[in-house]
Amino acid sequence: MATFELYRRSTIGMCLTETLDEMVQNGTLSPELAIQVLVQFDKSMTEALEAQVKSKVNIKGATFKSEECQENVGQVKIVACDSRLLTQ
């Protein structure tokens, strides 16, 4: 299964990367193992979001509306990717 590295830029991904860097610098972890951890993080995030997130959101202007609530936001960053690339 292919994965994207999108989630490494999230708060949890950045913290994981920083921690792994520190562990490699301290000699606690090999660089190869740190890379394996990041690859597993990518896979786990992709699988978790695919399996557990079923919400649909409608976006109109700066208003996000779901079944549960409606939220007006000032600024939005949308990152999109072609999910068909994950199945290749």
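The first residue of the sequence shown is numbered 1, and numbering continues consecutively from there.
A distance of 7.0 Å separates OG1 of T17 from CE of M14, quoted to the nearest 0.5 Å. With values rounded to the nearest 0.5 angstrom, L33 atom CG is found 11.0 Å from T28 atom OG1. Atoms CG and OG1, on L16 and T11 in that order, are 12.5 Å from each other to the nearest 0.5 Å. How far NZ of K56 is from CD of E67: 9.5 Å, rounded to the nearest 0.5 Å. Once rounded to the nearest 0.5 Å, the distance linking OG of S44 with CG of L49 reads 10.5 Å. The CE atom of M23 sits 5.0 Å away from the CG atom of L29 when rounded to the nearest 0.5 Å.
Atom NZ of K77 has 12 or fewer heavy atoms from other residues, nucleotides or ligands within 6.0 Å. In this structure, I12 places its CD1 atom where only 12 or fewer heavy-atom neighbours from other residues, nucleotides or ligands lie under 6.0 Å away.
Between S30 and V24 the shortest heavy-atom distance is O-CG2, 4.0 Å. Shortest non-hydrogen contact noted between F41 and Y7 is CE2-O, 3.6 Å. Across all their heavy atoms, E50 and K54 have their closest contact at O-NZ, 3.3 Å.
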- Query: When you look at F64 and V73, which way does the side chain to side chain contact (heavy atoms under 4.5 Å, CB included) test go after all the steps?
  - Reply: CA-CA 8 Å; F64 286 71; V73 295; 3.5 Å; yes
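Here the rule is side chain to side chain contact (heavy atoms under 4.5 Å, CB included) with E5, and of D42, L38, V39 only D42 fits it.
Taking the side chain as every heavy atom from C-beta outward, E71 and T63 never approach each other to under 4.5 Å. Contact of the K65 side chain with the V57 side chain is not registered, since no non-hydrogen atoms from C-beta on lie closer than 4.5 Å.
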